[in-house]
Amino acid sequence: MVLAGPGSGKTTVITHRIMHLLSIGVPPDKILVITFTRDAATEMEARFKKLSSETGSQVTFGTFHSIFFFILRLRYDLSFKNIITDRNKALLLRELTSREHIDSSYDTDFFRLLLSEISKYKSLGEESTSFRSKLIENEKFLRILSSYQSELKAQRLLDFDDMLLLCHELFIKEPEERKLWQNKFSFILVDEFQDINPVQYKIVRMLAEPENNLFIVGDDDQSIYRFRGAEPSIMLGFERDYPGAVRILLSNNYRSKSEIVNFAKNVIDRNRLRFKKDIKAVKGPGGTTLYYKADNTKSEYTQVISNIKKELKAGVPSGEIAVLFRTETVIQPLIAELNRLQIPFSLKNNVKSIYESSTAEDIISYIRLSMNMGSRADFLRIMNKPLRYISRKAVAERAMSFEKLKKYYSRSSGMQRTIDMFLHDLQVVRKLPTVAAIIYIRKKIGYEDYLEACRKENHVNPEKLHDIMDEMEESAKALPDKMKWLRYVESYGDELRKSKADPAEGIRLMTFHSSKGLEFDIVHLIDINEGIVPYSKAVTPEDLEEERRAFYVALTRARKEFHIYFTEQRYSKHCSPSRFISEGLK
């Protein structure tokens, strides 16, 4: 077991380990190297081929999924046509959630998050009984999962998790098949072992028997994928499972200056469930660690952009500057400002416009209707948000109006009052500047209370919805004219889509998680406030340690400098700097 900290050269260790095996006479076709991503497997193979002769080309490199699917293809006569596409997965889940009367329109990420939960459930294997969905009621989740699996089976389709489960099942039910592959691969090397899940580990253990020639490389401090099913305790318990295992620590960091290494070490040392390590910076001192307190996000991002301008002017290549953040929802104002100033940047992740969310579209519909710009679709969208008991039959005509609506309900004095109040609210919204109009819709009309009521029936994450509405308010402060604000909203999504340009150009914007494995001369860490870093929902000790590991990963991307930013206010509410900052300074 090789504990390879950030910048310690783990790829070099793996490639040289393969060379060593070849030098002592191990046939190359007996060696299997497993990685977690296709890119990592390709890079590992390319690095190895630079060192090896032609015989080395018979070494097998691949991801867990590609290797285990290869085994299944041969045994069950499968092809790539048996793998369900992402589009068909989404369509199937849309149908299954609809059957359960789940309204997924509130959250554009719902199906991605649901698929992630399904994947995590499957990756737990026998331990899946302890799983609880955070999106929807657990009973509904289990019914959806059961129907999802039944549909896949009926169509003879697999998803990526089924590849692992089916391979595990094959090895248990057919010992001869297992023995065939055990004979095929006598030496197994696993990269990024800290990200392994229970099912993957069980298959690797079976594959390695009886010789148990396992060589694992990873860093338990960089295990940040528990939400996908990765289990950090597997690496921590490796020596218990293999009492004869030798532990090797790669204690030299060849990437970062000592100031960066020491700060990151102070932070991660607070975690209890980890291997203790004494990491040293080979490059020595000379690193820069800077901290900025801002009044609010606007002044924070002004400072970030000011610093980036200075770095670019000083000759730092744009590709060596990264802006890292905990979640994508926090950076939309920064993206807007970079676009406005025409500073080139690239987004590693697809960041969706908050104005494309269902919540934002509801508020926009209210404002459009108040200005006599609304369509029938706008009216249908918000007529019962909050619930007003207006029937769709009452607005069956293409050209609808409040006069026609009142005529439809002419025999109901209660509905007459409801419609009058609806019209009054729209008239008030019309007279207010944009930010006041949004607040009126949220608080006075009762839209926010309506969302809170929906939360109990659907999967709605109230914090995310509040973040969206808070961000809308913030953007509206600079544009009191509602027409100008609506034009800004319309153009914002277009600008956001354009911003995902050539990844070789501009400063890099990405989440902590997406930055893993990368390195930059200068790293800007933004919004390092309590509630964001660590995330407010990280309440258990395990969750908090995961958050600390994610922050550690972000810190250790920096070679020469990191800049940490936090605010005293966010959306007019007081907030505190992250506890991780004080931990690093001690």
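Keep in mind the model is a prediction, meaning the values are calculated, not measured. These values consider heavy atoms only, across backbone and side chains, with no hydrogens, waters or symmetry-generated copies.
- When side chains are defined from C-beta on, S475 counts as touching Y355, because their heavy atoms get closer than 4.5 Å.
- Annotation: cation-pi pair R548/F580 absent, no NZ/CZ under 6.0 Å from the ring centroid and within 45° of its normal.
- Under 3.5 Å, the side chains of T418 and Y409 contain no donor-acceptor pair of N or O atoms.
- Salt bridge R99/E95: present, at least one basic N to carboxylate O contact under 4.0 Å.
- Between D420 and K406 a salt bridge is recorded (basic side-chain N to carboxylate O distance below 4.0 Å).
- The existence of a salt bridge linking R381 and E361 is confirmed by a sub-4.0 Å separation between a basic side-chain nitrogen and an acidic carboxylate oxygen.
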Candidate pair Y565 and Y301, rule ring pair (Phe, Tyr, Trp, His ring centres under 6.0 Å), full reasoning: CA-CA 9 Å; Y565 305 80; Y301 296 156; 8.7 Å; no
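- A salt bridge between E448 and R442 is present, with a side-chain N of the basic residue lying under 4.0 Å from a carboxylate O of the acidic one.
- The pair K153-D162 fails the salt-bridge criterion, with no side-chain N (NZ, NE, NH1 or NH2) lying under 4.0 Å from an Asp/Glu carboxylate O.
- Side-chain contact between L158 and L166 is present, with at least one heavy-atom pair separated by less than 4.5 Å.
- Side-chain contact annotation: Y488 with D481, donor-acceptor N/O pair under 3.5 Å absent.
- Salt bridge status for D161 with K120: absent, with no side-chain N to carboxylate O gap under 4.0 Å.
- No more than 12 heavy-atom neighbours from other residues, nucleotides or ligands sit within 6.0 angstrom of NZ on K484.
- Between E545 and R272 there is no salt bridge, since none of the side-chain N atoms of the basic residue sits less than 4.0 Å from a carboxylate O of the acidic one.
- By the 4.0 Å N-to-carboxylate-O rule, D449 lies too far from K443 to be salt-bridged with it.
- Looking at D195 and R228, no side-chain N of the basic residue comes within less than 4.0 Å of a carboxylate O on the acidic one, giving no salt bridge.
- Within a 6.0 Å radius of OH in Y389, no more than 12 heavy atoms belonging to other residues, nucleotides or ligands are found.
- The closest side-chain donor-acceptor pair between R368 and S375, if any, does not fall under 3.5 angstrom.
- Under a cut-off of 6.0 angstrom, the local environment of CZ in R376 is crowded, with over 12 non-hydrogen atoms contributed by other residues, nucleotides or ligands.
- For the pair F422/I382, a side-chain contact is recorded, criterion being any heavy-atom separation below 4.5 Å from C-beta on.
- Defined by atom type and a distance below 3.5 Å, a donor-acceptor pair is missing between the side-chain atoms of S150 and S147.
- Between R570 and the options D470, D527, N529, a side-chain hydrogen bond (donor to acceptor under 3.5 Å, both in side chains) holds for only D527.
- Looking at E546, its side chain does come within 3.5 Å of a backbone N or O of R226 through a donor-acceptor pair.
- Checking Q303 against N307 by side-chain atom types alone, a donor-acceptor pair falls below 3.5 Å.
- A donor-acceptor contact under 3.5 angstrom links the side chains of D425 and Y440, judged on distance only.
- For the residue pair Q569 / K298, no side-chain donor-acceptor distance below 3.5 Å is found, with atom types taken as modelled.
- In this structure the side chain of I526 never reaches within 4.5 angstrom of the side chain of L324, judged on heavy atoms.
- A donor-acceptor pair shorter than 3.5 Å cannot be found between the side chains of S365 and D362.
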message: The test is ring pair (Phe, Tyr, Trp, His ring centres under 6.0 Å); show your working for Y291 and F566 and say whether it passes.
response: CA-CA 8 Å; Y291 313 89; F566 54 93; 8.1 Å; no
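- Between F131 and F141, the two ring planes are tilted [angle within 30° to 60°].
- Residues that satisfy the side-chain contact (heavy atoms from CB on, under 4.5 Å) test with L115, not counting sequence neighbours, are K89, L93, Y148.
- Residue K293 places its NZ atom among 12 or fewer non-hydrogen atoms of other residues, nucleotides or ligands, all under 6.0 Å distant.
- K134 and E117 are not joined by a salt bridge, as no carboxylate oxygen comes within less than 4.0 angstrom of a charged side-chain nitrogen.
- For the residue pair S133 / N138, no side-chain donor-acceptor distance below 3.5 Å is found, with atom types taken as modelled.
- Contact annotation: the side chain of I419 never approaches that of Y408 to less than 4.5 Å [non-hydrogen atoms, C-beta and beyond].
- Partners of R156 under the side-chain contact (heavy atoms from CB on, under 4.5 Å) rule, at least two apart in sequence or in another chain, are L78, N82.
- A salt bridge is defined here as a Lys NZ or Arg NE, NH1 or NH2 lying under 4.0 Å from an Asp or Glu carboxylate O, and R579 with E530 meets this definition.
- For K444, the salt bridge (charged side-chain N to carboxylate O under 4.0 Å, His left out) criterion is met by no residue, not counting sequence neighbours.
- Just one residue in the list F325, F227, F551 forms a ring pair (Phe, Tyr, Trp, His ring centres under 6.0 Å) with H513, and that residue is F227.
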